[in-house]
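Report on the structure given below.
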Amino acid sequence: MQRTLIKDANARTEPLDAILLQGWVRTRRDAKAFSFIELNDGSTLKGIQVVADATLPDYAHIQKAHTGASIEVRGKLVPSQGQGQKWEVVAASFTILGEADATYPLQKKGHTLEFLREIAHLRPRSNLFGAVFRVRSRLAFAVHQFFQAKHFCYVHTPIVTASDAEGAGDMFRVTTLDVGKPPRDEHGEVDSTKDFFGKKTFLTVSGQLEAEIFATALSNVYTFGPTFRAENSNTSRHAAEFWMIEPEMAFCDLYGDMELAEEFVKYLIRDAKEHCAADLEFFSKFVDKELMARLDFVLDKKFVRCSYTEAVEILTQSGKAWEHPVAWGSNLQAEHERFLTEEHFKCPVTLYNYPRAIKAFYMRKTDGCAPDRQTVAAMDLLVPGIGEIIGGSQREERLTELREGMALHHLDEKAYWWYLDLRRYGTVPHAGFGLGFERMLMFVTGVSNIRDVIPFARTPGTADF
RNA sequence: UGCCCGGUAGCUCAGUGGCAGAGCAGGUGACUGUUAAUCACUUGGUCGCUGGUUCGAUCCCAGCCCGGGCAGCCA
């Protein structure tokens, strides 16, 4: 007999004389003459109730069907006599496939997220993490749907890279050299020409520069893959390994970039609401009561666009006592961004045109900006509660200005010869952004720690499982 | 990396300078339909580690380890 997923069993409109279910016991409630078993197979949040009568041949074994055990049940799907569920399964036979004794750490009681993090091999069996990872899977699919429908080409950019100054942060070194006894050159320095790739290599911090190569050939492209930052960040919004989505569009300026970013965020929220309704309901009940209101709010509102210079004026005139001073030319701090999105505009905000000196070398110098207030076509999309969820820019497509930017950031042109070639041969205006997939998940689920929306979190000092 | 908070039973937590506590989980029994079932009884401890103060430290002090929050870096 073919197995029925509990998701499908729950959704039936007609009873079934014969059904086979397989899953894990969430809880068992015994009475004198029968037991109730709540069975879950991860296909959906809500489990199914199995009724096991004491007259079953193996009924004595049911005492071993503790929380966590894997079992197989054959029986009938019938309307439930009890409250709280439409269907239940009256068992004709059951088999315990794998027992779980009293040491099984997950209880039917609530656990703290901190405890569950320590048992990352078992936490997907909890309601919360089952829901989180179903939403994660759905949204990953939605990312592809969004771009494929727009005829963007999916590009697999390399994980191992030799450019050591992409400018997005500290990098993890990749080497096969014996770190205890590395080969050394005549100056006593580690000789990287003896390394696997014949040069220093690292894990990627961004696929953007390679995505630009493909955008200047296939027009509209996107990447979606793991990204690594070796920063010693200990916050609820940072991980050393995370997934990022980076679209890159040829013949596109900053405004087209902001347009796409805003549409993309709304699309993902709408998709989760449509396809993960039960899981989102769970989050809004147990994780964040304001969740639904906030998601609807973002869907309904048109995102505010505000230039960096305007933002500085708003912050200066707010009369607030800032912990970090506000001054044109310095970075906006978390408290400033929070004020703008949560208090001043009360709305998602796209900030754009940042001072050139505090942004990356590849961002396009704004036409006609004052010499003492040079800006670049950068943008950050801020949402209430999380802060920055997207960072992007129009890229500098003019060779002279790009070289100027590299000089400003003290970069060696030789290392970027191919990047400069893109400006030498058929250059076009182009733009793109990066969306932190986990940050998007945090926003959609209301889960407030990035470690809880990624299956196995890598953070400073932690790389278990 | 800096500042702040925490570490007591499998889990969530209370507590005290003088024999270590509760709820849940586990075990035993009861219960004719439960929904984190209920009721009774019950097993269970390196009080994070090391050192110091003290007649005596889980408690006070120092260092270390681990976890969390906030900030910076960013997505």
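Below, chain A is the first sequence line, B the second, and so on; all start at residue 1. We use all heavy atoms of the structure for the numbers below, so side chains are in, but hydrogens, waters and symmetry mates are not.
Scanning residues 444-465 of chain A for heavy-atom distances under 4.0 Å to RNA chain B yields A:Asn449, A:Ile450, A:Arg451, A:Thr462. The stretch residues 111-137 of chain A touches RNA chain B through A:His111, A:Thr112, A:Glu114, A:Phe115, A:Arg117, each having a heavy atom within less than 4.0 Å of the strand.
For A:Ala334, whose side chain is taken as the heavy atoms from C-beta onward, the closest listed nucleotide among B:C31, B:U34, B:A71 is B:A71.
If you check every strand for non-hydrogen atoms under 4.0 Å, A:Glu88 touches a base. Using a 4.0 Å heavy-atom criterion, one finds that A:Ile245 contacts no nucleic acid atom at all. Residue-level contact check: A:Gly434 touches the backbone only, with heavy atoms under 4.0 Å from sugar-phosphate atoms and none from bases.
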Secondary-structure string, 5' to 3', Watson-Crick or G-U under 3.5 Å, | for another-strand partners, for RNA chain B: (((((((..((((....[..)))).(((((.......))))).....(((((..]....))))))))))))....
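Nucleotide B:C74 holds its C1' atom 13 Å from the CG atom of A:Leu435, rounded to whole Å. When rounded to the nearest whole Å, the span between NZ of A:Lys32 and C1' of B:C39 equals 15 Å. Between the CD atom of A:Glu388 and the P atom of B:A71 there is a distance of 14 Å, rounded to whole Å.
Judged by atom type and distance alone, A:Asn234 reaches the base of B:U1 through a side-chain donor-acceptor pair under 3.5 Å. Contact annotation: side chain of A:Gln83 to base of B:U34, donor-acceptor pair absent below 3.5 Å. Between the side chain of A:Arg29 and the base of B:C31 there is no donor-acceptor pair of N/O atoms closer than 3.5 Å.
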For nucleotides 24-27 of chain B, tabulate all protein N/O to nucleotide N/O atom pairs closer than 3.5 Å, reporting atom names and distance.
from: B:G27; atom 1: OP1; to: A:His66; atom 2: NE2; distance (Å): 2.7

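Residue pairs meeting the side chain to side chain donor-acceptor pair (under 3.5 Å) criterion with at least one partner in residues 325-335 of chain A, sequence neighbours excluded, are A:Thr309-A:Trp328.
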Review item, side-chain donor-acceptor pairs of residues 454-465 of chain A, under 3.5 Å, at least two apart:
from: A:Arg458; atom 1: NH1; to: A:Asp464; atom 2: O; distance (Å): 2.8
from: A:Arg458; atom 1: NH2; to: A:Phe465; atom 2: O; distance (Å): 2.8

